[in-house]
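Scroll down for the structure; my scribbles are underneath it.
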Amino acid sequence: MLMDYPGYERFQMSGKDEQGFLQFTCLWLNGEGMCQDHANRLPLCRNFPDKTLHFCGGALPPGCGYTIAEVRPFDRYLADEIKNTDNNGKNTDS
Ligand code: SF4
């Protein structure tokens, strides 16, 4: 994988979380928690936190300054979908 993504050499495995997911640390992170080359960081870093992290059941690391806020709670989408579905499972909202 590093041959395909040489920029990822900066990441080093640091352990596993409670769920068994691998955790990594970055060699470019300085002692103050800042990126040493922020202007040239990887697209992965620029896009963090990607919304797919949340949808895949992931969570932001403790102390991370980002938050993921739902625009509309999922249970409201579900309630609307149930309300608009007939007994045959067809959506009647159209
Ligand atoms: S933003 Fe910088 S310090 Fe943070 S993971 Fe990316 S390269 Fe490493």
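Keep in mind it's a predicted model, so treat the numbers as computed, not measured. Ligands are counted one by one from 1 in listed order, and the atoms in each one are counted from 1 as well.
Taking a cutoff of 4.0 Å between a charged side-chain nitrogen and a carboxylate oxygen, Asp80 and Arg72 qualify as a salt bridge.
Judged by distance alone, the side chain of Thr92 and the main-chain N or O of Asn84 form a donor-acceptor pair under 3.5 Å. Between the Asp17 side chain and the Gly20 main chain, a donor and an acceptor come within less than 3.5 Å of each other. Distance alone, capped at 3.5 Å, places no donor-acceptor pair between the Gln12 side chain and the Thr25 backbone.
Excluding water, every protein N/O/S atom under 2.8 Å from atom 2 (Fe) of ligand 1 is given here by residue and atom: Cys35 SG.
Partners of Glu81 according to the side chain to side chain donor-acceptor pair (under 3.5 Å) rule, which considers only residues two or more places apart in sequence or in another chain, are Asn91.
At a 4.0 Å heavy-atom cut-off, ligand 1 touches Phe11 through the side chain alone.
Using a 4.5 Å heavy-atom threshold, the side chains of Leu42 and Arg10 count as touching.
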